[in-house]
Amino acid sequence: MSDNPYLAHLAPSQRGASSSISSSDKEPLYGFLPRKVKGSQVRDAMNHKLNPFTKQPHSAQYRKILEARRSLPVYSQMDEFLEIFSKNQIIVMVGETGSGKTTQIPQFVAFSDLPHTKGKLVACTQPRRVAAMSVAQRVADEMDVQLGKQVGYSIRFEDMTESGTTFLKYMTDGMLLREAMNDTELSRYSTIILDEAHERTLATDILMGLLKGLAKRRKDLKLIVMSATLDALKFQSYFSLHNSGEEPSPAPLFKVPGRTHPVEVFYTQDPEPDYVEAAIRTVLMIHRAEDPGDILLFLTGEEEIEDACRKIKAEADDLINSDPSSVGPLMCVPLYSSLPPQQQQRIFDAPPKQSQEGYPPGRKVVVSTNIAETSLTIDGIVYVVDPGFSKQKVYNPRIRVESLLVSPISKASAQQRAGRAGRTRPGKCFRFHFRARRTDAPEILRSNLANAVLELAKLGVKDLVRFDYLDAPAPETLMRALELLNFLAALDDEGELTALGGIMAEFPLDPQLAKMLIVSPEFKVSNEILTITAMLSIPNVWLRPPSQRAAADQAKALMTVPEGDHLTLLNVFNNYYQNKSDRNWAWNNFLSARALAQAENVRAQLLRTMERFEVECISLEDERKRNMGKNMPSAYVRVLHANCSSGGEKGSYLTVKDNQVVALHPSCGLDAQPEWVLFNEFVLTKRPYIRTVTEVRPEWLLEYAPLYYDLNAFPDGETKRALLKLTSKRRAITGNGKDANEKKRSSKELKGGGKGGKGKLTKGKLKGGSKDKSTGWSKDEVKKKVPAWKDGKATLSDYFVSGGFI
DNA sequence: GAGCACTGC
């Protein structure tokens with residue numbers, strides 16, 4: 001039974017009984033029986049003069065850190081955890097903020113599982129890179145080892161592990177999924193811990209389905225799913241045990257209390273007609289009336305946040321000017337992801353000092369998107385103002401469009417937001433009356449699944465529809481994904497993964513872009529396409545500071561290639577690359593240096609993948625570069641939804657198969673309005689737009705995407721008529737009845753057309769107009785319903801009632 | 001003449 005080399009010499013009676021043996025004389029792990037370890041043994045080993053894993057004496061800071069660990073709630077339940085871990089293959093664990101689960105549980109597992117004695121690893125997944133990195137660093141310190149040795153992390157672009165040495169690895173969920181594509185048994189791992197499972201990222205959801213099946217095949221694999229309280233039951237029944245002849249029993253639950261300060265929650269009694277207005281009012285009333293402590297206000301997006309910051313500042317200045325002795329100075333800081341890192345850092349600045357001895361102290365207000373809900377933690381927050389909305393992605397499979405809609409948040413989100421007030425001392429949370437949804441729809445129900453379906457196929461899942469999803473996607477969403485992958489020739493007509501599909505899955509790209517890149521050597525433009533796919537994988541590179549809009553637009557015009565936005569992106573990257581020695585080049589040209597550095601990183605990673613699969617990196621000869629405008633899209637049309645013809649109102653296009661009316665996005669750099677264009681992205685904001693657009697010749701569509709543009713199976717409409725006209729003209733010219741493309745159509749490499757622009761349209765209420773998002777009231781109605789508060793008579797208690805503590 | 005909730009490979 002024992003495969004632990006440390007135990008081989010022991011008599012059975014000695015095994016698992018370290019407490020009876022003087023711990024200081026023996027090796028720290030003396031008597032440890034894998035997966036039968038007790039809390040007393042682990043505590044002895046932690047107290048041993050030697051590090052159990054390096055056999056070196058402990059450093060001075062080790063004892064100090066250990067002392068702090070002992071006060072974590074999860075630490076006092078070590079015995080209970082080890083027992084439940086010994087007895088079960090799958091455990092659901094619940095631990096609220098501050099319980100210490102993310103740092104301690106993987107260490108407990110390492111002591112019990114002893115992965116290093118059998119050449120295995122314990123993995124702990126995280127939804128975000130920064131979390132994987134910082135937790136790994138913390139745990140390496142706690143275990144008194146060097147990061148990257150016994151304890152490491154693995155994220156995109158960085159593998160901080162040492163093969164043969166690392167036995168505890170923190171990693172992003174996406175990274176583990178990628179590993180599973182090449183080893184579906186995940187045989188390197190003895191225990192896998194899925195942390196933050198309640199966040200229900202696409203990768204964690206797929207991993208749960210995969211690991212549930214894998215645990216049945218690999219009885220030696222243990223699985224721990226860590227989540228927030230509200231979701232625990234769902235996970236327990238999903239991972240329930242099915243013993244023959246018995247009712248399925250839910251997976252065992254291990255629960256640890258959190259350790260945060262109490263937060264009192266206050267509610268408004270009536271719905272707020274305009275939540276931004278009400279939020280600003282609430283912030284200022286807190287500032288005027290409440291004890292010192294910083295404020296965190298949650299709003300939905302950049303525009304709303306900048307607007308609120310301006311208004312809060314103006315109102316606060318008013319208050320100070322009218323009576324500097326009654327209120328302190330207020331500093332208002334915006335926070336959202338597209339903000340340059342330097343400005344993001346401002347949320348950590350200290351609040352302003354009191355203006356004069358004896359006057360009230362200053363206060364900091366952070367106005368943030370959801371980024372402050374999970375990704376970023378700000379110390380010193382005592383008050384949270386939560387109107388209860390966030391922007392959420394929705395996917396409409398009928399028209400293949402993803403869009404962002406302002407929607408009410410879930411109970412879990414509201415709780416998480418309130419918790420942000422209790423990190424340093426007891427706090428208060430002011431919520432507006434809102435009907436929180438019981439749960440958030442997981443990402444898998446809100447996304448275009450083309451990528452996920454390709455990954456599942458690569459993972460060897462045969463029946464994608466009947467895969468054991470925790471929440472099964474809509475059949476139509478799966479059909480759209482299968483249809484697209486079939487057009488791209490990643491899946492054959494039977495739904496089996498093709499060789500091409502297998503390679504496509506290896507690229508960290510959308511399937512359309514992966515296909516475009518893989519076929520690009522046929523067009524002798526793969527070097528250029530490589531750059532373009534990298535540029536399409538990163539956030540917007542164009543900066544447009546409000547104070548310098550004209551200069552920014554001018555700089556962009558200089559970089560623009562009139563033939564199309566894709567060539568403009570290529571041009572931007574090449575210029576960036578040539579000017580890399582100049583640190584200020586990006587800023588001087590109103591480009592994001594961060595985004596460009598990211599593009600360079602992505603490009604290098606894609607190039608490595610190309611080399612692995614012998615996709616040649618070919619660049620055009622200099623004299624042919626002038627022809628890029630024609631050559632580049634000819635590779636592109638095979639993979640993107642190149643399906644717009646002009647029609648209807650001026651300036652608008654029709655998508656070729658769904659007949660959606662769309663307009664060129666104002667950021668588009670085309671100097672004319674060509675009849676046919678292909679696009680990268682379909683966005684729905686004030687109206688449907690296509691973004692990143694390049695002119696295309698219709699004959700290229702017929703030639704290089706014959707499957708998609710098979711006119712015999714094409715829906716009737718303007719596009720079909722235009723394409724038919726084109727083919728009859730060409731027949732007349734070539735003089736024979738056969739379409740010149742028919743030969744190519746039989747060619748295997750050219751099989752697979754293109755379609756499926758990213759983007760979406762939804763029925764949801766459009767932004768804009770003068771109606772308030774939450775109530776539908778007009779601005780005039782809002783004015784009437786918002787009472788004056790600045791006269792000093794109104795107080796927080798006129799608006800809010802206490803709803804107890806969380 | 002508009003925008004970019006947030007992650008991840």
Side-chain angles (χ1 to χ4, degrees), chain A residues 125-132 154-159 171-182 196 199-207 298-306 334-340 368-376 389-394 402-407 409 413 416 440 442-443 446-447 451-452 454-455 458 504-511 513-514 533-534 537-544 546 549 552-553 556 592 595 598 601-602 605-606 608-609 651 663-669 681 683-691 767-768:
Chain A
T125 67
Q126 297 291 321
R128 283 167 291 279
R129 279 190 226 157
V130 272
S154 176
I155 59 175
R156 185 180 188 183
F157 305 127
E158 199 180 359
D159 181 10
M171 63 203 302
T172 46
D173 49 10
M175 209 63 194
L176 185 61
L177 194 56
R178 217 133 258 275
E179 276 194 31
M181 292 195 325
N182 288 308
E196 316 289 1
E199 288 194 28
R200 303 291 306 277
T201 65
L202 201 41
T204 293
D205 262 29
I206 294 175
L207 279 171
F298 284 102
L299 291 178
T300 65
E302 172 175 349
E303 194 182 329
E304 220 172 70
I305 288 169
E306 293 291 355
L335 177 64
Y336 42 89
S337 74
S338 59
L339 213 56
S368 171
T369 61
N370 262 358
I371 193 169
E373 195 179 302
T374 46
S375 305
L376 269 170
F389 294 94
S390 71
K391 279 191 190 170
Q392 286 164 37
K393 188 169 76 180
V394 284
E402 284 178 349
S403 61
L404 290 172
L405 273 187
V406 172
S407 331
I409 60 173
S413 270
Q416 176 77 16
D440 281 313
E443 199 182 358
R446 295 182 286 120
S447 306
N451 223 342
L454 182 60
E455 279 165 4
K458 177 85 179 181
M504 283 167 62
E506 295 279 349
F507 282 88
L509 290 171
D510 280 351
L513 295 182
T533 48
S537 303
I538 52 143
N540 183 23
V541 290
W542 309 101
L543 299 179
R544 206 172 181 232
R549 288 199 177 163
D553 290 348
K556 186 177 176 188
S592 161
Q598 249 175 291
N601 242 339
V602 173
Q605 188 190 29
L606 294 175
R608 284 196 296 275
T609 312
L664 293 182
H665 194 274
S667 66
C668 171
E681 203 180 10
V683 289
L684 177 69
T685 50
K686 283 183 179 161
R687 49 193 289 211
Y689 285 111
I690 47 173
R691 202 157 50 187
K767 206 174 134 190

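Throughout, a chain's letter reflects where its sequence line sits, starting with A, and its residues are numbered from 1. Basis for what follows: all heavy atoms, side chains included, without hydrogens, waters or symmetry-related copies.
Taking 4.0 angstrom as the limit, A:Thr374 places none of its side-chain polar atoms (N or O) nearer than this to OP1 or OP2 of B:dT7. Taking only side-chain nitrogens and oxygens, A:Arg544 never comes nearer than 4.0 Å to OP1 or OP2 of B:dA2. Of the side-chain N and O atoms in A:Thr172, none sit less than 4.0 angstrom from OP1 or OP2 of B:dG8.
Protein atom CG of A:Leu509 is 13 Å distant from nucleotide atom C1' of B:dG8, rounded to whole Å. Between A:Glu303 atom CD and B:dA5 atom P there is a gap of 9 Å when expressed in whole angstrom units.
Rounding to the nearest 0.5 Å places CD of A:Glu199 at 10.5 Å from CD of A:Glu443.
Nearest nucleotide to the side chain of A:Ile155, out of B:dA2, B:dA5, B:dC9: B:dC9. Considering only side-chain atoms of A:Ser337, the nucleotide from B:dT7, B:dG1, B:dC9 that sits closest is B:dT7. Taking only side-chain atoms of A:Arg128, from C-beta outward, the nucleotide of B:dA2, B:dA5, B:dT7 with the closest atom is B:dT7. In this structure, of B:dA5, B:dG1, B:dC9, it is B:dC9 that holds the atom nearest to the side chain of A:Arg156.
Side-chain atoms of A:Asn451 and A:Pro511, non-hydrogen and from C-beta on, do get closer than 4.5 Å to each other.
Partners of A:Tyr689 according to the ring pair (Phe, Tyr, Trp, His ring centres under 6.0 Å) rule, which considers only residues two or more places apart in sequence or in another chain, are A:His665. Legend: residues meeting salt bridge (Lys or Arg N to Asp or Glu O under 4.0 Å) with A:Asp553, ordered by chain and number and at least two apart, are A:Arg544.
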